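This one's a predicted model, so the numbers in the text were calculated from it and none came from an experiment. In the text below, chain A, chain B and the rest are named by the order of the sequence lines, each starting its count at 1.
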Amino acid sequence: MAEIRERFRPDPSMNRTQMEALQRDIAQTAVFEDAVDFDPTTVTVDTPTPETPIVAGVDQAFLDDQIVSAIVLTRGETVVARTHTTTPIEFPYVPGLLSFREGGPILDAFEALPTDPDVIVFDGSGRIHFREAGLATHIGVALDLPAIGVAKTLLCGQPVSSTAALAAGERVEIVADETMSTPDGTTVGHALQTRQYPNSHRINPVYVSPGHRLSADTATAIIDRCRGAYKLPEPTRLADAAADEAKDTIE
DNA sequence: GCGACAG
DNA sequence: ATCTTGTCGC
């Protein structure tokens, strides 16, 4: 179903220079402004209506030499489609080059889907990346679909203020720092507190950044609307469970 | 050389 | 990401 712009496909056989060149190309093609066909404020993980946008959650699980890539499509709390692929691992984990390890398998999984989602949620960074070309940006551009990156830890960039004691729903801007090709001070994402305990113990926020066709503000607003009972947004949790489940079936 | 980094 | 029991706290 998904149309893939082949010239952007992450090729694991490229050398580092070629990979970084492709990332610069990806970054220039990426649109960090709202260009979506749905109303972001209608995204929900609860009871859906016929107009509720379809959100895709994507996540991977690993075996010795194979990678399991799972995608779960949901309309509100309703699972619309689910698929997964198992592929040989072709590239190691290298900070800054994650899309070359996970991107191929993810695109394979998208090709197996019966329908395209309105927006995709990835487990990793989007614009919060040295060359503004994180996993969410790379695959979002390759599919030309709205994409958002949600990372559990910060790859680069700096919060404009402390993220230590945020209440659920609160956010802090992440701005570009000197390690990035982006001009210093550019807002590239947000630290979003998806969940918080009433008292003492603290939960770390997640780091949301636009991947493609979305502004940082809207990307974060969408993830905020995907908050469930856990730290990770619901689409990511579902995909995570699907990947683990598929993995257990294999081993 | 120092720093330092998604999954 | 993955290997893993118990354990502290609401």
* To do: With sequence neighbours left out, write down each residue that passes side-chain hydrogen bond (donor to acceptor under 3.5 Å, both in side chains) with A:E178, or none if nothing qualifies.
  => none
Please tabulate, one pair per line, each protein N/O and nucleotide N/O from nucleotides 2-8 of chain C that are separated by under 3.5 Å, including the distance.
from, atom 1, to, atom 2, distance (Å)
C:dT2, OP1, A:F62, N, 3.3

* Which ones in residues 118-129 of chain A lie close to DNA chain B, meaning a heavy atom under 4.0 Å from one of its atoms? -> A:D123, A:G124, A:S125, A:H129
* Which pairs with one or both residues in residues 130-159 of chain A pass ring pair (Phe, Tyr, Trp, His ring centres under 6.0 Å), sequence neighbours excluded? -> A:F100-A:H138
* To do: Sequence neighbours left out, what pairs pass salt bridge (charged side-chain N to carboxylate O under 4.0 Å, His left out) with at least one residue falling in residues 25-52 of chain A?
  => A:R7-A:D25
* To do: Kindly write out the residues that satisfy salt bridge (charged side-chain N to carboxylate O under 4.0 Å, His left out) with A:E102, not counting sequence neighbours, or none if the list is empty.
  => none
Is there any protein nitrogen or oxygen under 3.5 Å from a nitrogen or oxygen in nucleotides 2-5 of chain B, and what are the pairs?
from, atom 1, to, atom 2, distance (Å)
B:dC5, O4', A:L155, O, 3.1

* Asked: Is A:K152 near enough to B:dG7 that one of its side-chain N or O atoms lies under 4.0 angstrom from OP1 or OP2?
  -> yes
* Base-pairing string, 5' to 3', of DNA chain C - Watson-Crick or wobble, under 3.5 Å, | interstrand -> ..........
* Can you tell me how far C1' of C:dA1 sits from CZ of A:F100, to the nearest Å? -> 19 Å
* Structure fact -> Pairing string of DNA chain B (Watson-Crick or G-U wobble, both atom distances under 3.5 Å; | = paired to other strand) is .......
* Just grab all the salt bridge (charged side-chain N to carboxylate O under 4.0 Å, His left out) pairs involving residues 160-172 of chain A, residues at least two apart or on different chains. => none
* Those residues that, when tested against A:R227, pass salt bridge (charged side-chain N to carboxylate O under 4.0 Å, His left out) (two or more places apart) -> A:D224
* Structure fact -> Per the under-4.0 Å heavy-atom filter, residues of residues 167-194 of chain A near DNA chain B come out as none
